[in-house]
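Okay, structure first, notes after.
Scope of the values below: all heavy atoms of this structure, side chains included, with no hydrogens, waters or symmetry mates. First the proteins, then the strands, lettered A, B, ... as listed; each starts at 1. Worth saying up front: this structure is predicted, and the values here are computed from it rather than measured.
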Number of protein chains: 2
Amino acid sequence: MLAQHDEAKAKIIDIARKIFSHFGFKKTTMEEIASASRKGKSSIYYYFNSKEEIFKAVVEKEAEELKEELHSGISEIDDPIEQLKVYISIRMQKLKKLTNFYTALKSEYLTNLEFIEDIRKNYDDDEVRMITIIIQDGIDRGKFAVEDPYLSAVAIVTAMKGLEVPFFFSKEPVYFEDRLNDIVNFLFYGIIKR
Amino acid sequence: MLAQHDEAKAKIIDIARKIFSHFGFKKTTMEEIASASRKGKSSIYYYFNSKEEIFKAVVEKEAEELKEELHSGISEIDDPIEQLKVYISIRMQKLKKLTNFYTALKSEYLTNLEFIEDIRKNYDDDEVRMITIIIQDGIDRGKFAVEDPYLSAVAIVTAMKGLEVPFFFSKEPVYFEDRLNDIVNFLFYGIIKR
DNA sequence: CGACTATTTGACAAAAATAGTCGAATCGTG
DNA sequence: CACGATTCGACTATTTTTGTCAAATAGTCG
C-alpha cells in the first residue's frame with residue numbers, strides 16, 4: 001500500500017524532474033506533469049499539495065544524488081590529496097547536470113520560495129563540512145599544512161563557486177580535466193606541506 | 001533609416017529564434033523576447049504586430065536557411081547520384097537543427113495558426129520540386145531509370161519524413177552517415193540504371 | 001457480496017500571467 | 001527647434017494556470 005503510493009510519487013518526481021530540467025519551475029505546468037505521468041491533473045494533487053512541493057522533492061532528490069556520488073567517490077580513496085581532487089572534480093561535473101538543484105541554488109527568481117533558503121544553507125554547510133573533514137584528515141596525516149581547516153574549506157568552496165560560471169556556461173567546450181588540474185594544483189601549492 | 005529599422009528587426013528575430021528554440025511558441029513570452037533584446041515589451045510591438053508574426057519571421061528565416069544550404073550544397077556537384085545523396089544528407093542534418101521550422105511543420109498544436117498551413121504546403125512542394133529536378137537530370141543523363149520522376153520524388157520525400165523520427169529523437173547517437181548510406185543505396189538500387 | 005479505503009477525474013473558481021493597446025516621453029537629426 | 005523614429009510604462013481584456021471539491025471508479029479484505 002505505502003509502497004505503491006511511494007512508488008507512484010517517485011515516478012511523478014522523476015517525470016517532473018525532466019520537465020523542470022527543460023522548462024524550469026515557472027514554465028512547467030501541473031497539466032504537463034500530469035499528462036506526462038498519464039494522469040489527470042487532479043491526480044497529481046492527490047500525491048502533492050502544490051507545484052512547489054513537487055519541485056522541492058525534485059531538488060532534494062538531485063541534492064541527494066550529488067551527495068551520494070561525492071561520498072562514494074571519495075570513500076574509495078585513501079590519500080587526502082586525491083580525495084580533494086576527486087571531490088572538486090565530481091562536484092563540478094555533477095552539479096552541472098543537476099539543473100534543478102543548481103537553479104535552486106542560484107536563481108534570483110526562486111528566492112521567494114521558502115524552502116529554497118533552507119536548501120541553500122544546508123548545501124553550503126554540507127559542502128564546507130565535507131571539505132573540512134578531508135583537509136583535517138590531510139593535516140593529521142601530515143600532508144596539508146594549514147592553520148584553520150575550516151577557513152581553507154570555505155576558500156575552496158568559494159573558488160568552486162567562482163568556477164561554476166565559466167565551466168557551466170562557456171560556449172567552447174571547456175577542457176575540464178586540464179583546467180581543473182591547473183586549479184587544483186594552484187590551490188594545493190598553497191596548501192601542501194613540503 | 002530603413003536599414004536601421006530592418007537591422008533592429010533582424011536582431012529581434014535572431015534573439016526570438018533562440019528563445020523559441022528552447023521554449024517553443026507557446027511558452028515564449030513577449031516579455032522574454034523584449035528583455036533579451038534589451039527593450040521594453042511595447043518596443044517589440046513597434047516592430048511586430050504580434051507574437052505570431054515574430055514566430056512566422058523566425059520560421060521563414062529557418063526555412064530560407066535550409067533552402068540556401070541545399071542549393072549551395074548541390075550546386076557544387078555535377079553527378080545527379082551524388083546530388084541526391086548530398087540533398088538527403090543535408091536536408092536530414094539541417095532540419096534537425098531548425099527546431100522552430102521543424103515544429104512548424106509537424107506540431108499539431110500549431111495547426112490553427114493560419115500561416116502554418118502555407119508554410120507546410122510550400123515546403124512540401126519545394127522539396128518535391130527540387131528532387132524532381134535532380135531525378136529528371138539523372139534520367140536525361142542516363143543515370144536513373146524511372147517512369148515518372150515526380151512520383152519517385154514523392155517517394156523519396158516520404159522516405160525522408162519516415163526517417164525523421166528515428167534520426168531526430170533516438171537516444172543513442174545515430175551513426176548518421178552509415179545509416180544514411182544504407183538507405184540511399186537501397187533507394188538507388190531501385191532507381192539506378194544498370 | 002458489500003463496506004471501506006485508495007485513487008482518479010472533470011468541472012469549477014480564484015488568482016496569476018500574458019498579449020496587445022495607447023499616449024506620453026525621449027532620442028536623433030536636419 | 002521641429003519633426004519623425006523609437007522607446008516605454010501603465011493599463012485592460014483575455015487566457016492560462018493553480019488548486020479545490022465532490023463524485024466516480026478501482027481495489028481490497030472480511
(message) Quick test of your reading of the model: are B/D124 and B/K121 salt-bridged, counting only N-O distances below 4.0 Å?
(response) no
(request) In whole angstrom, give the distance that lies between atom CD1 of B/I33 and atom P of C/dA19. (result) 8 Å
(request) Round to a whole Å and report the spacing from NZ of A/K27 to C1' of D/dT16. (result) 13 Å
(message) Is the terminal nitrogen or CZ of B/K51 (NZ for Lys, CZ for Arg) located under 6.0 angstrom from the six-membered ring centre of B/F25 and within 45° of that ring's axis?
(response) yes
(message) Could you check whether atom NZ of B/K106 has more than 12 heavy atoms from other residues, nucleotides or ligands sitting under 6.0 Å from it?
(response) yes
(message) From CE of A/M30 over to C1' of C/dT8, roughly how many Å is that when rounded to an integer?
(response) 15 Å
(request) Figure out the NZ/P separation between B/K39 and C/dG20, and round it to whole Å. (result) 19 Å
Taking only N/O atoms, report every protein-nucleotides 9-12 of chain D pair under 3.5 Å with atom names and distance.
| unit_1 | atom_1 | unit_2 | atom_2 | d |
| --- | --- | --- | --- | --- |
| D/dG9 | N7 | B/S42 | OG | 3.2 |
| D/dG9 | O6 | B/S42 | OG | 2.1 |

(request) May I ask you to list the residues of residues 50-57 of chain B, by number, that have any heavy atom positioned under 4.0 Å from an atom of DNA chain D? (result) none
(request) Would you mind reading off the distance between A/Q4 atom CD and C/dT8 atom C1', rounded to a whole angstrom? (result) 15 Å
(message) Output the rounded distance in Å from OH (B/Y109) to P (D/dT16).
(response) 7 Å
(request) For the pair B/R141 and B/D78, find out whether any cationic side-chain nitrogen is under 4.0 Å from an anionic carboxylate oxygen. (result) yes
(message) Against B/Y47, only a single residue in B/K11, B/K39, B/E53 fulfils side chain to side chain contact (heavy atoms under 4.5 Å, CB included); can you say which?
(response) B/K39
(request) Decide, yes or no, whether a salt bridge links B/E164 with B/R91 under the criterion of side-chain N to carboxylate O below 4.0 Å. (result) yes
(message) Would you say NZ of B/K27 has more than 12 non-hydrogen atoms from neighbouring residues, nucleotides or ligands within 6.0 angstrom?
(response) yes
(request) Look at all strands and tell whether B/T28 reaches a base, only sugar-phosphate, or nothing, counting heavy atoms closer than 4.0 Å. (result) sugar-phosphate
(request) Dot-bracket notation for DNA chain D is requested: 5' to 3', Watson-Crick or G-U wobble pairs only, both distances under 3.5 Å, with ( ), [ ], | and . as defined. (result) ||||||||||||||||||||||||||||||
(request) Just do the side chain to side chain donor-acceptor pair (under 3.5 Å) check on B/Y123 and B/E127 with the steps written out, would you? (result) CA-CA 6 Å; B/Y123 178 60; B/E127 187 143 60; 3.1 Å; yes
(request) Inspect the contact between A/E69 and A/K97 and indicate whether a charged nitrogen and a carboxylate oxygen are less than 4.0 angstrom apart. (result) no
(request) Look at B/D118 together with B/K56 and state whether they make a salt bridge at an N to O cut-off of under 4.0 Å. (result) no
(message) Is it the case that atom OH in A/Y150 sees more than 12 heavy atoms from other parts of the structure closer than 6.0 Å?
(response) no
(request) Write down the distance between CD1 (B/I44) and P (C/dT21), rounded to a whole number of angstrom. (result) 14 Å
(request) Return no unless some side-chain N or O of B/Y45 is found under 4.0 Å from OP1 or OP2 of D/dT6. (result) no
(message) What's B/K26 touching, base or sugar-phosphate or nothing? Going by heavy atoms closer than 4.0 Å.
(response) sugar-phosphate
(message) Using a 6.0 Å distance limit plus a 45 degree cone around the ring axis, check whether A/K9 lies over the aromatic ring of A/F48.
(response) yes
(request) Write down the distance between CD (A/E7) and P (C/dT7), rounded to a whole number of angstrom. (result) 12 Å
(request) Kindly point out which of C/dT18, D/dT7, C/dA6 is positioned nearest to the side chain of A/Y46? (result) C/dA6
